[in-house]
**Q** 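Have a look at the structure that comes next, please.
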Amino acid sequence: QVQLVESGGGLVQAGGSLRLSCAASGRTFRSYRMGWFRQAPGKEREFVAAISWSGDSTYYADSVKGRFTISRDNAKNTVYLQMNSLKPEDTAVYYCADSRDPRRVFTAMGYDYWGQGTQVTVSS
């Protein structure tokens, strides 16, 4: 089992920045990839970013490219999401997820463990 705990969410004005953290514990050595997803009210959960176990490969949704950066510190078992130039449409609950699937990067179905989520609200 893997436990994931997100932190760092909050309320920020448009154009501002936040850094989300995801602390992992448990059988993390079997993880293939870590990802961030988000879900706004009335919408489906959508892919935001992902990073391979080594950190060599990163993936981003088109809507966040150039604004968000995913990174990880394996010594701390922590994954980060630096979010800059935030927009009101980035408002959502952000979830950290752990994948044991080498192929399905961009879909929630490819992730096996999930955190409880952290709220990000961007005001205009």
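Any value given below was found using the heavy atoms of this structure, including those in side chains, with hydrogens, waters and symmetry copies removed.
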**Q** What are the two closest non-hydrogen atoms of Gln3 and Gln1, and how far apart are they?
**A**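 For Gln3 versus Gln1, the nearest heavy atoms are NE2-CB, 3.7 Å.
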**Q** Just wondering, more than 12 heavy atoms not from Phe106 lying within 6.0 Å of its CZ?
**A**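 Yes, the 6.0 Å shell around CZ holds more than 12 heavy atoms from other groups.
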**Q** Fit a plane to each ring of Phe68 and Tyr94, take the angle between them on a 0 to 90° scale, and name the class: parallel (under 30°), tilted (30 to 60°) or perpendicular (over 60°).
**A**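 Rings of Phe68 and Tyr94: tilted, as their planes differ by 30° to 60°.
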**Q** In terms of hydrophobic clustering (I, L, V, M, F, W, Y; side-chain heavy atoms under 4.5 Å; direct or indirect links), are Leu81 and Trp53 co-clustered?
**A**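 No, no single cluster joins them.
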**Q** With a 4.5 Å heavy-atom cut-off, do Met83 and Val48 have their side chains touching?
**A**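 Not in contact.
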**Q** Could you tell me whether the side chain of Glu6 and the main chain of Cys96 form a donor-acceptor pair under 3.5 Å?
**A**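 Such a contact is found between Glu6 side chain and Cys96 backbone.
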**Q** Does Val120 reach the side chain of Arg38, with side-chain heavy atoms less than 4.5 Å apart?
**A**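 They are not in contact (no side-chain heavy atoms under 4.5 Å apart), so the answer is no.
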**Q** With a 3.5 Å distance limit and no angle check, can you tell me whether Arg72 reaches the backbone of Gly55 through a side-chain donor-acceptor pair?
**A**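 Absent.
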**Q** So, do Val122 and Glu89 sit near enough that their side-chain heavy atoms are less than 4.5 Å apart?
**A**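 Not in contact.
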**Q** Could you check if a side-chain atom of Tyr80 sits within less than 4.5 angstrom of a side-chain atom of Thr69, using non-hydrogen atoms only?
**A**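 Heavy-atom side-chain distance check fails, nothing below 4.5 Å.
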**Q** Hey, are Lys87 and Asp90 close enough for a salt bridge, meaning a charged N less than 4.0 Å from a carboxylate O?
**A**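 Answer for the salt bridge query: no.
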**Q** Is it the case that one hydrophobic cluster holds both Ile51 and Tyr95, taking links as side-chain heavy atoms less than 4.5 Å apart, direct or via other members?
**A**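 Different hydrophobic clusters.
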**Q** How about Trp36 and Cys22: do any of their side-chain heavy atoms sit closer than 4.5 Å?
**A**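 A side-chain contact under 4.5 Å exists here.
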**Q** To the nearest 0.5 Å, tell me how far Asp98 CG sits from Met34 CE.
**A**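 The CE atom of Met34 is 5.0 Å from CG of Asp98, to the nearest 0.5 Å.
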**Q** Can the ring centres of Tyr111 and Phe37 be said to be less than 6.0 Å apart?
**A**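 Centroid separation for Tyr111 and Phe37: below 6.0 Å.
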**Q** Identify which one of Ser99, Ser57, Ser54 satisfies the side chain to side chain donor-acceptor pair (under 3.5 Å) criterion when paired with Arg33.
**A**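 For Arg33, the side chain to side chain donor-acceptor pair (under 3.5 Å) test succeeds with only one of Ser99, Ser57, Ser54, which is Ser99.
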**Q** Output the distance between atom CD (Gln119) and atom CG (Leu11), rounded to the nearest 0.5 Å.
**A**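 Here the rounded value is 9.5 Å.
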**Q** So which heavy atom on Ala50 is nearest to which on Val105, and how close?
**A**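 What the structure gives for the nearest pair is CB-CG1, 4.2 Å.
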**Q** Tyr113, Val93: one ILVMFWY side-chain cluster at the under-4.5 Å cut-off?
**A**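 No, because Tyr113 and Val93 fall into different hydrophobic clusters, even though each may have its own neighbours under 4.5 Å.
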**Q** Closest approach of Ser85 and Ser17, non-hydrogen atoms and distance?
**A**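 Closest approach of Ser85 to Ser17: N-OG, 4.3 Å.
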**Q** How many angstroms lie between atom CD of Gln82 and atom CD1 of Ile70, to the nearest 0.5 angstrom?
**A**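 One gets 12.0 Å once the value is rounded to the nearest 0.5 Å.
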**Q** Under 4.5 Å between side-chain heavy atoms, counting indirect links through other Ile/Leu/Val/Met/Phe/Trp/Tyr residues: same cluster for Leu20 and Tyr60 or not?
**A**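 They do share one cluster, since a chain of ILVMFWY contacts under 4.5 Å joins Leu20 to Tyr60.
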**Q** Looking only at non-hydrogen atoms, find the nearest pair between Gly110 and Asp101 and report the distance.
**A**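 The answer is O-CB, 3.5 Å.
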